[in-house]
Number of protein chains: 2
Amino acid sequence: MATKRAPKLARAEREAERRKTILRAAVEVFSRKGFQGCRIADVAREAGVAYGLVYHYFKDKDELLGSVFESGWQGFLARVQAALSEQTDFESRIRSVVHVAFEAYRRDPRGVKVLILEVGRSPSGGAVNRGSAFTDVIELAAGIFAEAQARGEMASHLDPKLTAALFFGSIEMGLTTFVVGLMERRDDVLERARDQVAETFLRGVTHARAPAASAAEALPSEAPWNSAKSGTRSRAARRD
Amino acid sequence: MATKRAPKLARAEREAERRKTILRAAVEVFSRKGFQGCRIADVAREAGVAYGLVYHYFKDKDELLGSVFESGWQGFLARVQAALSEQTDFESRIRSVVHVAFEAYRRDPRGVKVLILEVGRSPSGGAVNRGSAFTDVIELAAGIFAEAQARGEMASHLDPKLTAALFFGSIEMGLTTFVVGLMERRDDVLERARDQVAETFLRGVTHARAPAASAAEALPSEAPWNSAKSGTRSRAARRD
DNA sequence: GCGTTCGTTGACTTCGAAATCAGCGAACGG
DNA sequence: CCGTTCGCTGATTTCGAAGTCAACGAACGC
């Protein structure tokens, strides 16, 4: 038994490689035509393999989408968790997560596009395991926010779960501006966007003033930052 | 000519009514099964009309989706613009828009769900006129942010377009938590969420400190709100 | 009332993509 | 060098949903 394993393993590796090739092709095609809008034939052609082979590696179209999702999401989650374990204080963590997301986009725009546009939303993606994955991430992040609150690093009256949702919403929308071509995909623009997402979110969440309740009324003009260092604000208008 | 118009008009009204019925049914079915995942037969059955009638009022499935999108989006846009024209100062405007969005969800969760999940994203929706509509709204909002910056009501170093995207991203994600059932759909929860979205965003955007450039590094602990009036912040916790 | 229009019907046709499968041939064992 | 396995092929089958259309009948004008 053991003696004939060596070649078998080599073969297994080649198969795994094939599988990855198809997966990559699927990402490529999905990003161009969308999951529903593309044919298995497209994926096969893109991968340079026969139509039937796709079905050799994946039970059906849904499983293919599921695998695309899983492999992409897995990678992202791993990086996020790594980033989280490297940092301890709240602000650094937030910046790290944002950084990871934008970096992922810079490295693999197509993959991120598919994750955001195809599986991130839409009931078709929901059929896979999107629902749980999405929820899981929110819950995970919610834990971090709750912890930050306990340590006094974050305003305590905010709902952690909702805050987590808003956080990822900001990241996602920040990336979406690039995905749909609203912003030019250039490294410096990406960096500025990344920083703005992180800074804006942090500002919004870090120690907001007291209850505020349903304060849809007057804005206290004696807000701290007005009396502090507002000397330069008159020169604010930059963009028509 | 004029004499025979009265009955004709009555008939025309009935037709418009039929059309609306089908449109409503489409929203209902789309929200349950998704655009791609549902059959015209489903829409017809839901509307209580014959299969062929759907094709009498709409050229094809795409046009049906387009109409659903347009009618929904039109209503939303109109309310947003009304809200904007009623308010002049920046903070009130932001709160108004958030309010409008959440109110729309409270009144018609299904419709909002379809807008968010089906047409708001996905290349299939993009085939319609989503692309332009989405972009248009961002551009519109960007104008408001630019104006706010000119008036000194908003931090000047933020990119208006990106800010607009983040704004709608926050709203959308805030609503998504309810759409996917992450948050319980109850009026008081909705209200709290709405306020948190508005407050968090405003805090994040209103007069952030100077350039900050690529400040992904240290957080200056002499941030204005720390040294100013932080005396009451310990009593902030209200809920659990 | 009587003919005509036209909204309405739903069985039928069409079409295209998913999924199948019988067989080929390269890689391997002996 | 021959036999066998099994990864791989792509024409073929299957299936289901989009879109058509001929006919019906209710509402209308005369």
Side-chain angles (χ1 to χ4, degrees), chain A residues 1-26 29-30 32-68 118 123-124 127-128, chain B residues 1-23 25-26 29-30 32-68 118 123-125 127-128:
Chain A
M1 274 189 181
T3 48
K4 60 166 76 170
R5 275 290 133 74
K8 286 265 177 184
L9 280 179
R11 183 177 276 199
E13 270 174 46
R14 294 181 65 82
E15 282 189 41
E17 205 55 49
R18 271 295 213 202
R19 199 189 150 89
K20 272 184 206 158
T21 302
I22 296 176
L23 227 42
R24 260 192 299 272
V29 175
F30 287 174
R32 272 207 307 267
K33 311 230 240 169
F35 172 67
Q36 301 279 359
C38 83
R39 286 145 296 193
I40 293 292
D42 296 329
V43 176
R45 196 177 322 122
E46 176 73 31
V49 301
Y51 184 90
L53 195 61
V54 176
Y55 284 93
H56 179 76
Y57 286 101
F58 304 93
K59 189 174 133 279
D60 55 21
K61 209 183 173 189
D62 273 344
E63 192 183 294
L64 179 58
L65 177 66
S67 297
V68 165
E118 293 301 324
S124 30
V128 202
Chain B
M1 271 189 183
T3 47
K4 60 166 77 169
R5 274 292 133 73
K8 286 264 178 186
L9 281 180
R11 180 177 278 199
E13 270 175 47
R14 293 182 67 82
E15 281 189 42
E17 205 56 48
R18 273 285 215 214
R19 201 188 149 90
K20 271 186 206 158
T21 302
I22 295 177
L23 227 42
V29 175
F30 287 173
R32 271 207 309 266
K33 312 229 239 169
F35 171 66
Q36 300 279 1
C38 82
R39 287 145 297 195
I40 293 293
D42 295 328
V43 176
R45 197 178 321 121
E46 176 73 32
V49 301
Y51 182 90
L53 196 61
V54 176
Y55 284 92
H56 179 76
Y57 286 100
F58 303 93
K59 188 174 132 281
D60 54 21
K61 209 183 173 188
D62 273 345
E63 191 183 294
L64 179 57
L65 177 66
S67 296
V68 165
E118 293 301 322
S124 30
V128 201

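On a predicted model such as this, the values are computed, not experimentally measured, just so you know. Letters A, B, ... mirror the listed sequences (proteins, then strands); counts begin at 1.
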Taking only the side-chain heavy atoms of [X] (C-beta and beyond), determine which of [options] contains the nearest atom.
X        : options                  : value
Arg39(A) : dA18(D), dT9(D), dA18(C) : dA18(C)
Ala50(B) : dA18(C), dG7(D), dT9(C)  : dT9(C)
Tyr51(A) : dT9(C), dT20(C), dA18(D) : dT20(C)

Original post:
When all nucleic acid strands are considered with a 4.0 Å heavy-atom cut-off, which category describes Phe58(A): base, sugar-phosphate, or nothing?
Top reply: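 The residue Phe58(A) makes no contact with any strand.
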Original post:
For Leu53(B), which contact category applies under a 4.0 Å heavy-atom criterion: base, sugar-phosphate, or nothing?
Top reply: base
What is the distance, rounded to the nearest whole Å, between atom [atom1] of [X] and atom [atom2] of [N]?
X        : N       : atom1 : atom2 : answer
Arg45(A) : dA17(C) : CZ    : C1'   : 13 Å
Leu65(B) : dG19(D) : CG    : P     : 12 Å
Arg18(B) : dC6(C)  : CZ    : C1'   : 13 Å
Asp42(A) : dA18(C) : CG    : C1'   : 13 Å
Lys59(A) : dA18(C) : NZ    : C1'   : 12 Å
Leu64(B) : dA17(D) : CG    : P     : 16 Å
Lys61(A) : dT20(C) : NZ    : P     : 15 Å
Ile40(B) : dA11(C) : CD1   : P     : 17 Å

Should [X] be listed as having a side-chain N or O under 4.0 Å from OP1 or OP2 of [N]?
X        : N       : answer
Tyr55(A) : dA19(C) : yes
Tyr57(A) : dC8(D)  : yes
His56(B) : dT8(C)  : no

Quick one: [atom1] on [X] to [atom2] on [Y], what's the gap to the nearest 0.5 Å?
X        : Y        : atom1 : atom2 : result
Lys61(A) : Gln36(A) : NZ    : CD    : 6.0 Å
Ile40(A) : Arg45(A) : CD1   : CZ    : 12.0 Å
Phe35(B) : Leu64(B) : CZ    : CG    : 7.5 Å

Subject >> Closest approach of Phe58(A) to Glu63(A) (non-hydrogen atoms, all atoms of both residues) >> reply: CA-OE2, 3.6 Å
Subject >> salt_bridge(Arg32(B), Glu46(B)) N-O dist < 4.0 Å >> reply: yes
